[in-house]
Amino acid sequence: NEAETPLQFAQRAEKQLGTRLEDIAEAVSAIRYGRHNAPEEALHRVRSVYQSLEERLSLWHKFKLSVRRAFTVRKKA
């Protein structure tokens, strides 16, 4: 299987979530592949969408996400 680009993932997720994600995917692509800084408005949009989606999670899924974050080792940039 080929890996999805951020834009492909956003287009697929938009259908399921009912929210526009293309602008976020473009910002992610620019940061990841183009080594650019995200515009401030893109960061605000990411925070807004993330908070909105997080609110939709059940308590159980919020718990699982918190545990996963607590035990995930991240590489330093």
Side-chain angles (χ1 to χ4, degrees):
N1 286 340
E2 289 185 31
E4 272 184 323
T5 66
L7 186 56
Q8 290 170 325
F9 174 79
Q11 290 169 341
R12 185 171 53 85
E14 283 176 350
K15 295 174 187 172
Q16 294 176 342
L17 301 173
T19 188
R20 190 172 180 278
L21 302 172
E22 188 174 318
D23 53 339
I24 293 172
E26 289 171 354
V28 169
S29 291
I31 294 165
R32 177 177 279 171
Y33 304 115
R35 307 286 188 225
H36 299 287
N37 291 328
E40 193 65 30
E41 60 272 6
L43 295 176
H44 288 295
R45 173 91 170 109
V46 169
R47 285 185 195 104
S48 172
V49 169
Y50 181 88
Q51 289 170 348
S52 174
L53 295 175
E54 188 177 43
E55 288 173 2
R56 296 182 191 183
L57 292 175
S58 68
L59 188 57
W60 173 244
H61 282 99
K62 287 179 184 179
F63 172 75
K64 286 182 3 182
L65 183 60
S66 295
V67 169
R68 186 176 295 143
R69 284 182 187 149
F71 292 102
T72 299
V73 176
R74 297 183 187 246
K75 296 178 187 176
K76 291 187 178 184

Trainee: Output the distance between atom CG (Leu43) and atom CD1 (Ile31), rounded to the nearest 0.5 Å.
Mentor: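 Nearest 0.5 Å value for the CG-CD1 distance: 6.5 Å.
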
Trainee: Side-chain heavy atoms under 4.5 angstrom apart, residues restricted to Ile, Leu, Val, Met, Phe, Trp, Tyr: same cluster for Val28 and Leu7?
Mentor: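 No.
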
Trainee: Drop me the distance from Gln11's CD to Thr5's OG1, to the nearest 0.5 angstrom.
Mentor: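 Gln11 atom CD to Thr5 atom OG1 measures 7.0 Å (nearest 0.5 Å).
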
Trainee: Give the minimum heavy-atom separation between Ala25 and Pro6, together with the two atoms involved.
Mentor: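 Scanning both residues completely, I find the closest heavy atoms to be CB-O, 3.4 Å.
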
Trainee: Given 3.5 Å as the limit, does a donor-acceptor pair link the side chain of Glu14 with the main chain of Leu21, or not?
Mentor: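 Present.
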
Trainee: Quick one: pull up OG in Ser58 and NE2 in His61 and give me the separation to the nearest 0.5 Å.
Mentor: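 It comes to 5.0 Å.
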
Trainee: What's the shortest heavy-atom distance between Leu17 and Arg56, and which atoms?
Mentor: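 That would be O-NH1, 3.0 Å.
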
Trainee: Can you measure from CD (Glu22) to CD (Glu26) and round to the nearest 0.5 angstrom?
Mentor: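 Here the rounded value is 5.0 Å.
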
Trainee: Calculate, to the nearest 0.5 Å, the distance between atoms CZ and CD1 belonging to Phe9 and Ile24 respectively.
Mentor: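 Rounded to the nearest 0.5 Å, the CZ-CD1 separation comes out at 10.5 Å.
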
Trainee: Check for me, please, whether Phe71 and Phe63 land in the same ILVMFWY cluster - side-chain distances under 4.5 Å, paths through other members count.
Mentor: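 Yes; tracing contacts between hydrophobic side chains, which count when under 4.5 Å, links both residues.
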
Trainee: Report, as yes or no, whether the 6.0 Å neighbourhood of atom CZ on Arg20 holds more than 12 heavy atoms from other residues, nucleotides or ligands.
Mentor: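 More than 12 within 6.0 Å, yes.
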
Trainee: Salt bridge check, Lys62 against Glu54: does any charged N sit closer than 4.0 Å to a carboxylate O?
Mentor: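 No.
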
Trainee: With a 3.5 Å distance limit and no angle check, can you tell me whether Ser48 reaches the backbone of His44 through a side-chain donor-acceptor pair?
Mentor: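 Judged by distance alone, no pair lies under 3.5 Å.
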
Trainee: With side chains defined as the heavy atoms from C-beta onward, is the minimum distance between Arg45 and Glu40 less than 4.5 Å?
Mentor: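 Side-chain contact under 4.5 Å: no.
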
